[in-house]
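Have a look at the structure below, then the notes.
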There are 2 protein chains.
Amino acid sequence: MESVEVESGSFEEPTNERARALLDAAEELLEELGMEALTARAVAERAGVAKGLVFYYFGSTHELFERVLERYYARHKASLAEAFAGEGDHRERLHRVVDEYLDFMEENVTYARIVQHQIASEGPHLPLVRRHLREVLELTREMLRGITPSRGPRSAEHFHVSLSAVVINYFTYGPVLLDDALEDRPLGERRAHVHWVVDSWLDGLERHR
Amino acid sequence: MESVEVESGSFEEPTNERARALLDAAEELLEELGMEALTARAVAERAGVAKGLVFYYFGSTHELFERVLERYYARHKASLAEAFAGEGDHRERLHRVVDEYLDFMEENVTYARIVQHQIASEGPHLPLVRRHLREVLELTREMLRGITPSRGPRSAEHFHVSLSAVVINYFTYGPVLLDDALEDRPLGERRAHVHWVVDSWLDGLERHR
DNA sequence: TTTCCATTTGACCACTCGGTCAACATCCTG
DNA sequence: CAGGATGTTGACCGAGTGGTCAAATGGAAA
């Protein structure tokens, strides 16, 4: 046997023990030292294994990185699915999605960083990022159906970009502007802010009808 | 004589012809090929000059990059200064700032990319980026004085992060989600969206008073 | 003309990277 | 036990990087 299978679409944890160790090591390095530290040598050393195994199981560092990305995405999608389930009018549902989105980001700041990094640098993983971002856009589109016009400046696409911007950028720009942005109290304050923002939009949309 | 002087704070175009050629070449490479392409060799070749001159005039590629960044920042500040000047109530002024901000981004998408890249990757130029971003925050803070509470979820800091997120992210995330995001018609639509968003916030703030 | 020094060059160095591969280890099966 | 398949190693390679520096250049002053 050789190399971990990659079925486009869903993500599956590697059954192989070593492959999994490498994947875990890669994710840890990403969390602790950032994207530049993710070299074949470093990952292998972290996993306590020879460098050659990275290529034996994943073929290239590119592929390894994509697997890590897909793992994050799987979690993100699971998180969103949870939020989209359940009842309530659209205002309630939207607030629930926002809460879930914020919860996820609080526990996966690195994910936000990676995505923003790839997008900003038009990195080699942009195609993968694009595919997943479009999936998420589709979910938002569905949720906002009937609330927003189907085209124009108040379309779902624009609100999707704006909402995800307001959520994500706090976790990347926040720590640059504020010293304690990622501590409990400021995070709670931000959460209140985002909910307020969403309400102001919904109010505006209703009034505009 | 040697190496271009760097006074922290303001930016001055290098008087020396070669230094300026290198700086221009660096900026062009950044625009055309992205950040990874910015190597000492590439810049020198582009400027039609030997590699050694990069280090003769700038000391290191790091310094060269910072000079390019500072040049962008100088333009950004000039653009903002223009927007902040002039009269009108706060709603008018805010809309004028938004327009200026969007104008600037339309013509400096690369700038948005660089900043977001540095922030997302906690790159080596983060200290410089931080210094300038905080300056801009200070301007926003001043403009919103009296409109927003001084603390809490509706403070100027939160609106600053949200507004800049809504503006900037369209230029980075937009092209990933939409195929024609940076063409004239979609850009105009986005502009209308941002103005609508600002109005919804101002309405919300007034109603909440 | 001679001298001097800022300027300019590009070969060179040390280093790190991704990736290859022959050799070796381990294990399962006939 | 024998032997082939599977898994594992790390020395090695080529490419590309930032940075150094002795040597060449050239213009201005004496």
Side-chain angles (χ1 to χ4, degrees), chain A residues 1-6 13-27 29-30 32-69 114 117-118 121 123-126 128, chain B residues 1-6 13-27 29-30 32-69 114 117-118 121 123-126 128:
Chain A
M1 202 205 293
E2 192 183 326
S3 109
V4 178
E5 290 297 319
V6 182
E13 285 291 324
T15 54
N16 185 291
E17 187 188 346
R18 303 282 202 162
R20 177 151 188 161
L22 284 167
L23 211 54
D24 290 340
E27 190 176 325
L29 277 174
L30 222 48
E32 294 170 23
L33 301 174
M35 325 227 325
E36 285 73 17
L38 205 66
T39 69
R41 277 175 182 81
V43 172
E45 185 183 9
R46 177 73 158 226
V49 127
K51 180 165 71 85
L53 273 200
V54 169
F55 304 94
Y56 183 75
Y57 283 115
F58 296 94
S60 67
T61 51
H62 178 89
E63 295 279 342
L64 171 59
F65 193 97
E66 300 240 316
R67 300 302 305 254
V68 177
L69 260 186
I114 296 172
H117 181 274
Q118 287 299 314
S121 67
H125 305 281
L126 197 65
L128 183 63
Chain B
M1 202 204 295
E2 192 182 326
S3 107
V4 177
E5 290 296 321
V6 181
E13 286 291 325
T15 55
N16 185 291
E17 187 188 344
R18 304 282 204 163
R20 176 151 188 162
L22 284 167
L23 211 54
D24 290 341
E27 189 176 326
L29 278 175
L30 222 48
E32 294 171 23
L33 301 174
M35 325 229 324
E36 286 74 16
L38 206 66
T39 69
R41 275 173 183 81
V43 172
E45 185 183 8
R46 175 73 157 227
V49 126
K51 180 167 71 88
L53 275 200
V54 170
F55 303 95
Y56 183 76
Y57 282 115
F58 296 94
S60 66
T61 51
H62 178 88
E63 295 278 343
L64 171 59
F65 193 95
E66 300 240 316
R67 300 303 304 252
V68 178
L69 259 185
I114 297 172
H117 181 274
Q118 287 298 316
S121 66
H125 305 281
L126 196 66
L128 182 64

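The analysis underlying the following values was restricted to heavy atoms, covering all of them including side chains, and did not include hydrogens, waters or symmetry mates. Numbered from 1 within each chain, the chains take letters A, B, ... in sequence-line order.
Here the closest heavy-atom approach between residue A/Ser60 and residue A/Phe55 is recorded as CA-CD2, 3.9 Å. Of all non-hydrogen atoms in B/Leu22 and B/Ala44, the two that sit nearest each other are CD2-CA, 4.1 Å. The minimum heavy-atom distance between B/Ala26 and B/Val68, with the atom names listed, is CB-CG2, 3.8 Å. Smallest separation of non-hydrogen atoms from A/Arg46 and A/Ala25: CG-CB, 3.5 Å. The two residues A/Ala19 and A/Asn16 come nearest to each other via the heavy atoms N-OD1, 3.1 Å. B/His62 and B/Pro124 get closest at one heavy-atom pair: CE1-O, 3.5 Å.
Taking atom CG of B/Asn16 as the reference point, atom C1' of C/dT7 lies 9 Å away to the nearest angstrom. The distance between atom CG of A/Leu53 and atom C1' of D/dG7, rounded to the nearest whole Å, is 8 Å. Distance CZ (B/Phe58) to C1' (D/dG19): 16 Å, rounded to an integer number of Å. Residue B/Glu45 contributes atom CD, which lies 15 Å from atom C1' of C/dT9 at whole-angstrom precision. Here the P atom of nucleotide C/dT9 and the OH atom of B/Tyr56 are 12 Å apart, to the nearest Å.
Put simply, A/Arg18 has no side-chain N or O that comes within less than 4.0 Å of OP1 or OP2 on D/dG7.
For CD of A/Glu17, the number of neighbouring non-hydrogen atoms (other residues, nucleotides, ligands) closer than 6.0 Å is 12 at most. Heavy-atom contacts from other residues, nucleotides or ligands closer than 6.0 Å to CD of B/Glu45 number 12 or fewer.
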Please write out each protein N/O paired with an N/O of nucleotides 21-26 of chain D under 3.5 Å, distance rounded to 0.1 Å.
none

Under 3.5 Å, N/O pairs linking protein and nucleotides 22-29 of chain C:
none

Please write out the pairs of protein N or O atoms and N or O atoms of nucleotides 16-18 of chain D separated by less than 3.5 Å, giving the distance to one decimal.
| unit_1 | atom_1 | unit_2 | atom_2 | d |
| --- | --- | --- | --- | --- |
| D/dG18 | OP2 | B/Ala40 | N | 3.2 |
| D/dG18 | N7 | B/Arg41 | NH1 | 3.1 |
| D/dG18 | O6 | B/Arg41 | NH2 | 3.2 |

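Side-chain contact between A/Thr61 and A/Thr39: absent, with no pair of heavy atoms (C-beta onward) separated by less than 4.5 Å. A 4.5 Å side-chain heavy-atom check between B/Tyr57 and B/Leu23 finds every atom pair outside the cut-off.
Here the side chain of B/Tyr57 is nearest to one of D/dT8, D/dT9, C/dT7, namely C/dT7.
Below 30°, between 30° and 60°, or above 60°: for A/Phe65 and A/His125 the angle between ring planes is below 30°, a parallel geometry.
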